[in-house]
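Reviewing the structure listed below.
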Amino acid sequence: EDQVTQSPEALRLQEGESSSLNCSYTVSGLRGLFWYRQDPGKGPEFLFTLYSAGEEKEKERLKATLTKKESFLHITAPKPEDSATYLCAVQALGQAGTALIFGKGTTLSVSS
Amino acid sequence: DTGVSQNPRHKITKRGQNVTFRCDPISEHNRLYWYRQTLGQGPEFLTYFQNEAQLEKSRLLSDRFSAERPKGSFSTLEIQRTEQGDSAMYLCASSSKGQGGHEQFFGPGTRLTVL
């Protein structure tokens, strides 16, 4: 069964304190791995797509990396406005592989 | 780029009533998805349309749920005889066919509360 597990469930950081969020996945064949940011009461906001092991993507203070079993979202020198829930999702290969399978997310709180 | 829009944003209903939600995808996107999200969980897939054809339905989509996309543009999700367990955020997403994975762009969601 395709599955996504995110850790930790919650993370509290001081402004400027860098850290990483983990996304472990099990999928029959990976079409793509996606990272989203979700603010309370809003829909997920697309951040990155990663397709193959070794790939990296960057956007401002965020950097996403991918291996064959997991992905990391590195947050460098975070600011309070980075506080949100970060969701990881995978999309499997195959005709029926259009649905995204999400993890439960990591809720990040950054204090000044 | 207007993004994905959903209406209403909030809906409160009594158990046993029927409700209908609307989703307007990004205009050039031919793929449309419905997901459901409960507190502390990630979104769970419900159903998927390519143009007007409903190509995939989750086991979560019971007989009380029906979705349509009549002209391949907007979509509606109807829940009949609502139950308290239907209380959740209902999210719509759209994407366009491309190489590799298909990024899905989400709307703001419709929050349903069943009393």
Side-chain angles (χ1 to χ4, degrees), chain A residues 1-10 21 23-25 27 29-53 55 57 59 64 66 71 84-107, chain B residues 1 3-7 9-10 21 23-26 29-51 53-61 88-111 113:
Chain A
E1 181 182 349
D2 300 336
Q3 193 171 332
V4 176
T5 303
Q6 293 188 246
S7 61
E9 290 186 7
L21 282 56
C23 170
S24 298
Y25 65 91
V27 65
L30 183 68
R31 181 186 295 275
L33 184 142
F34 305 83
W35 282 98
Y36 288 85
R37 169 190 171 128
Q38 187 172 30
D39 292 303
K42 297 188 176 181
E45 174 190 349
F46 171 76
L47 293 174
F48 303 109
T49 308
L50 301 167
Y51 297 114
S52 57
E55 189 174 1
K57 294 272 182 75
K59 178 181 179 181
L66 180 65
S71 177
T85 295
Y86 291 85
L87 295 166
C88 173
V90 297
Q91 190 175 50
L93 290 171
Q95 189 173 5
T98 51
L100 293 180
I101 301 164
F102 282 87
K104 294 183 178 181
T106 294
T107 300
Chain B
D1 183 5
V4 178
S5 62
Q6 292 186 246
N7 288 288
R9 295 292 311 278
H10 303 275
F21 310 140
C23 170
D24 288 88
I26 295 171
H29 285 182
N30 62 337
R31 299 184 173 196
L32 187 147
Y33 312 80
W34 286 98
Y35 291 82
R36 180 172 68 187
Q37 186 177 26
T38 54
L39 196 62
Q41 303 293 316
E44 295 176 294
F45 172 76
L46 293 177
T47 191
Y48 153 65
F49 290 86
Q50 182 166 310
N51 299 314
Q54 188 173 19
L55 297 184
E56 190 177 353
K57 292 194 291 186
S58 163
R59 288 171 293 180
L60 292 175
L61 209 67
M89 175 79 89
Y90 289 84
L91 294 163
C92 175
S94 70
S95 73
S96 61
K97 186 176 181 180
Q99 295 180 348
H102 307 147
E103 291 86 2
Q104 296 181 17
F105 297 91
F106 284 81
T110 295
R111 179 163 296 283
T113 302

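In terms of heavy atoms, B:E103 sits closest to A:Y51 at OE2-OH, 3.3 Å. For the residue pair B:Y48 and A:T98, the shortest heavy atom distance occurs at CD2-OG1, 3.4 Å. Of all heavy-atom pairs spanning B:G42 and A:L87, the tightest one is CA-CD2, 4.3 Å.
If you measure heavy-atom distances from B:E44 to chain A, you find no contacts under 4.5 Å at all. With a 4.5 angstrom heavy-atom cutoff, A:Q38 touches chain B only via side-chain atoms. The part of A:Y36 that comes within reach of chain B is its side chain, from C-beta onward, which places non-hydrogen atoms under 4.5 angstrom from that chain.
In terms of heavy-atom pairs under 4.5 Å with chain B, the best-connected choice from A:G43, A:P44, A:G103 is A:P44. Comparing B:S95, B:P108, B:G109, B:C92 by how many heavy-atom pairs each has under 4.5 Å with chain A, the most go to B:P108. Between chain A and the options B:R9, B:Q41, B:R111, B:Q104, the largest number of non-hydrogen pairs under 4.5 Å is found for B:Q104.
More than 12 heavy atoms of other residues, nucleotides or ligands shown are found within 6.0 angstrom of NZ on A:K57.
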*Please report the C-alpha distance between A:L100 and B:Y35 in whole Å, then the side-chain angles of each, then the deciding distance to 0.1 Å, and finally whether the side-chain contact (heavy atoms from CB on, under 4.5 Å) criterion is met.*
CA-CA 9 Å; A:L100 293 180; B:Y35 291 82; 3.4 Å; yes

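Once rounded to the nearest 0.5 Å, the distance linking CG of B:L91 with NZ of A:K42 reads 13.5 Å.
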